[in-house]
Amino acid sequence: MRRKWYKYVLSAAMAFCGIYTNGMLHSAFAQETVQPKEASGNEVEDLKWQLGVMEESSARQQEQIQAIRERLDAVSAKPRIAEDYHSAVAKEEIKNAVDDYLSTEEARGKMGLGLPVVTGVYNPDDEKYALGFKSKDDKYSLNLGARMQFRYTFKDNDPDYDGEHHESVVDTNNLDVRRARVYFGGNIYSKLVHYYVEFDGDSFSVGVRDFYLYVTPLEELNAKMGYFKVPFNRQRMSSSAKLLLQDRSIASEAFDQDRDYGIDIYGKPFEGHMEYHASVFQGAGEKANENIDNELMYVLSLRYNPFGKYDYYDETDVKYSDKLKATIGASAVFNAKDRDEKLENTDSIAGVFDMGVKYKGISWNNEYFVRTEDPESDGDTINSDGFYTQLGYFVLPKKLEVAARYSQLDPNSDVSNDFQEEYTIGVNYYFRAHRSKIQSDIGHYVNDGGVDGMDDNRIRLQYQIIF
């Protein structure tokens, strides 16, 4: 308001001065015209004098007009510049405020977005994954991976054994996709709540392999629930992608409890020097959904790692441990399965004792199994046992490895002709650790069952890629 009043008064005053000055000049010009100066001497000199005075007056008026115009432009421009500046600042502040609000969970929820803000692609720490996505606050993540094992097997069957019906026995050649897995996992809602899902197309039979949630509030106390491996024997818990030889031993295959529906409480107290599992499972096996005798399966496991945490998911020492690593463990399972099949109306208990060592490319693993099956109705008690020992050594650190295994299995101690043995030697070459490797082995298998017993030899070559 003050600026407007000042502008109007100043304009009126300058206009009045201009009009008054112009009037005075015209009066002076008229007087001079009517009464020319006596000193001029003639009319021509008087007219020249009058013209010079008028030109000087006109020049002064033009200067005054130009000054008024410049002042008017300056006074008018300042408010526009200030207005434009404040408007631009206000728009930027509003934009920033809107962006900040839209990034909140409240805004995403109200707008129906619901999804966390993704910061981009990263490489997960877990060796099995190849690609990962995570939210800005690390409360959500998705990791993706896949694995394939291409295998050739030549089986030289024993020509002296022709089976129960005396049919001829022939050698076999097979090309197979031994394992084909696609999986994803990560965390959800929090950094402590994790999930994992795995699908398999092993030997072209497609199915769901694993699906579970696990919560990790403390190193000493964690929980897992869903469908996953029973934490009984160590070789079964080792990933099939990280086995020393292409498959597990005959003893492990006979005694391990495979996968099942269940809940597992576990932890690694004392900075990983100890590890325990206390679990309960349906006990029906991978192929059955019903608990046919309403008996659940219970698992207790205890492990001691004298030199700190031990990576028993990897049977090799491809990481070339600079310090000695060792583990000793024991597990017991009540209402145990037999080759992943529930023993109906039978009280069964299985146990395992294991030991492992890793040091500068050397890996040595051992497990001894026992099981007792006691039918609730009439029937004889069956006692069985078995073990394996295997050794691996990197001739070229992290690249070329040689391996050997011996395994023994006695399915029934009261039967004399069911004894089984395995002798296997192998060579592995690692291009990118377990992500890309070639494994080859030769195995000799002995089975005392049948008429004269049966021996066969197997030659296998396998390439694995993880991506």
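This is a predicted model, so every value here is computed, not measured. Along the sequence shown, residues carry numbers from 1.
A centroid separation of 6.0 Å or more is found between the aromatic rings of Tyr189 and Tyr195.
Among all heavy-atom pairs drawn from Pro231 and Ser279, the shortest one is CG-OG, 3.6 Å. Considering all non-hydrogen atoms of both residues, Thr424 and Gly443 come closest at OG1-CA, 3.9 Å. Across all non-hydrogen atoms, the minimal contact from Val357 to Tyr310 is N-OH, 3.5 Å. Closest approach of Arg259 and Asp340 over heavy atoms only: O-OD1, 4.0 Å. The two residues Tyr445 and Glu422 have their closest heavy-atom pair at CE2-CG, 3.4 Å. Annotation for Leu409 and Arg339: closest pair CD2-NH2, 3.8 Å, computed over non-hydrogen atoms.
Just one of Arg209, Arg179, Arg147 meets the salt bridge (Lys or Arg N to Asp or Glu O under 4.0 Å) condition when paired with Asp202; it is Arg209. The salt bridge (Lys or Arg N to Asp or Glu O under 4.0 Å) test with Asp258 is passed by exactly one of Arg236, Lys342, Lys337: Arg236.
Put simply, the side chain of Val446 does not reach to within 4.5 Å of the side chain of Phe419, judged on heavy atoms. Put simply, the side chain of Val318 does not reach to within 4.5 Å of the side chain of Lys437, judged on heavy atoms. Between Val415 and Asp410 there is no side-chain heavy-atom pair separated by less than 4.5 Å. Inter-residue side-chain proximity for Tyr214 and Asn187 is flagged as unmet; no heavy-atom pair is nearer than 4.5 Å. With contacts defined as side-chain heavy-atom distances shorter than 4.5 Å, the pair Val230/Val299 qualifies. In this structure the side chain of Tyr129 reaches within 4.5 angstrom of the side chain of Tyr183, judged on heavy atoms.
For the pair Gln462 (side chain) and Gln149 (backbone), a donor-acceptor distance under 3.5 Å is absent. Checking side-chain atoms of Ser135 against main-chain N and O of Tyr140 turns up a donor-acceptor pair under 3.5 Å. Checking side-chain atoms of Arg458 against main-chain N and O of Asp441 turns up no donor-acceptor pair under 3.5 Å. Here the side chain of Asp317 pairs a donor or acceptor atom with the backbone of Gly361 at under 3.5 angstrom. Remark: side-chain polar atoms of Gln464 are paired, donor with acceptor, to backbone N or O of Ala241 under 3.5 angstrom. In this structure, the side chain of Lys229 engages the main chain of Ser238 through a donor-acceptor pair within 3.5 Å. A donor-acceptor contact shorter than 3.5 Å is absent between the side chain of Ser331 and the backbone of Phe353. Under a 3.5 Å cut-off, the side chain of Ser348 and the backbone N or O of Ala336 do form a donor-acceptor pair. Counting only distance, with no hydrogens or angles, the side chain of Lys224 and the backbone of Ile265 share no donor-acceptor pair below 3.5 Å. No donor-acceptor pair under 3.5 Å is formed between the side chain of Glu275 and the backbone N or O of Arg303.
Here the straight-line distance linking atom CG of Leu244 with atom OG1 of Thr316 works out to 7.0 Å at 0.5 Å rounding. Rounding to the nearest 0.5 Å places CH2 of Trp364 at 6.0 Å from OG1 of Thr389. Interatomic distance, Arg405 CZ to Asp247 CG, rounded to the nearest 0.5 Å: 8.0 Å. Note: Lys268 NZ to Asn305 CG = 8.0 Å, rounded to the nearest 0.5 Å. Taking CG of Asp385 as the reference point, atom OH of Tyr368 lies at 4.0 Å (rounded to 0.5 Å). Atom-to-atom distance recorded for Asp354:CG and Phe369:CZ is 8.5 Å, nearest 0.5 angstrom.
Relative to the six-membered ring of Tyr320, Lys398 misses at least one condition, a distance below 6.0 Å or an angle of at most 45° to the axis. The cationic atom of Lys242 (NZ for Lys, CZ for Arg) does not lie both less than 6.0 Å from the six-membered ring centre of Tyr313 and within 45° of the ring axis. A cation-pi contact, defined as under 6.0 Å to the ring centre and within 45° of the axis, is absent between Lys323 and Phe307.
Side-chain contact of Gln246 with Arg151: a donor-acceptor pair under 3.5 Å is present, judged by distance alone. If you check the side chains of Glu198 and Tyr196, you find a donor sitting under 3.5 Å from an acceptor. With 3.5 Å as the limit, one finds a donor-acceptor pair spanning the side chains of Asn233 and Ser252.
Taking a 6.0 Å sphere around CG of Asn173, one finds it holds more than 12 heavy atoms contributed by other residues, nucleotides or ligands. Within 6.0 Å of CD in Glu220 there are more than 12 heavy atoms belonging to other residues, nucleotides or ligands. Residue Phe270 places its CZ atom among 12 or fewer non-hydrogen atoms of other residues, nucleotides or ligands, all under 6.0 Å distant.
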Exercise for the section: Quick one: do Asn365 and Gln235 satisfy side-chain hydrogen bond (donor to acceptor under 3.5 Å, both in side chains)? Show the steps, please. Expected result: CA-CA 9 Å; Asn365 294 288; Gln235 189 168 64; over 6 Å; no

Problem - Criterion ring-ring contact (aromatic ring centres under 6.0 Å, His included) on Phe154 and Tyr152, from CA distance to verdict - result: CA-CA 7 Å; Phe154 171 75; Tyr152 165 74; 7.3 Å; no

Practice task
Check the pair Lys309 / Glu219 against salt bridge (charged side-chain N to carboxylate O under 4.0 Å, His left out), numbers first and verdict last.
Solution key: CA-CA 12 Å; Lys309 292 181 180 179; Glu219 187 77 10; 3.0 Å; yes

Handout entry: side-chain hydrogen bond (donor to acceptor under 3.5 Å, both in side chains) between Ser436 and Tyr463, worked out
Key = CA-CA 8 Å; Ser436 178; Tyr463 173 68; 2.9 Å; yes

Problem - side chain to side chain contact (heavy atoms under 4.5 Å, CB included) between Thr372 and Thr381, worked out - result: CA-CA 7 Å; Thr372 298; Thr381 299; 3.6 Å; yes

Exercise for the section: For Phe387 and Phe255, run ring-ring contact (aromatic ring centres under 6.0 Å, His included): C-alpha distance rounded to whole Å, both residues' side-chain angles, the deciding distance at 0.1 Å, then the answer. Expected result: CA-CA 10 Å; Phe387 76 91; Phe255 286 93; over 10 Å; no

Exercise for the section: Please test Ser240 against Arg181 for side chain to side chain contact (heavy atoms under 4.5 Å, CB included), starting from the C-alpha separation and ending with a verdict. Expected result: CA-CA 11 Å; Ser240 57; Arg181 310 284 171 85; 4.1 Å; yes

Exercise for the section: Decide side-chain hydrogen bond (donor to acceptor under 3.5 Å, both in side chains) for Tyr423 and Glu421; before the verdict, give the C-alpha distance in whole Å, the side-chain angles of both, and the deciding distance to 0.1 Å. Expected result: CA-CA 7 Å; Tyr423 304 84; Glu421 290 179 289; 3.1 Å; yes

Exercise for the section: Applying ring-ring contact (aromatic ring centres under 6.0 Å, His included), run through Tyr430 and Phe394 and close with a yes or a no. Expected result: CA-CA 10 Å; Tyr430 299 80; Phe394 276 89; 5.3 Å; yes

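Classification of Glu127 and Lys319 as a salt-bridged pair holds, one side-chain N sitting under 4.0 Å from a carboxylate O.
The aromatic rings of Tyr227 and Phe211 lie parallel to each other, their planes meeting at an angle below 30°, with 60° marking the opposite boundary. The aromatic rings of Tyr266 and His277 sit parallel to each other, their planes meeting at less than 30°, with 60° as the upper class boundary.
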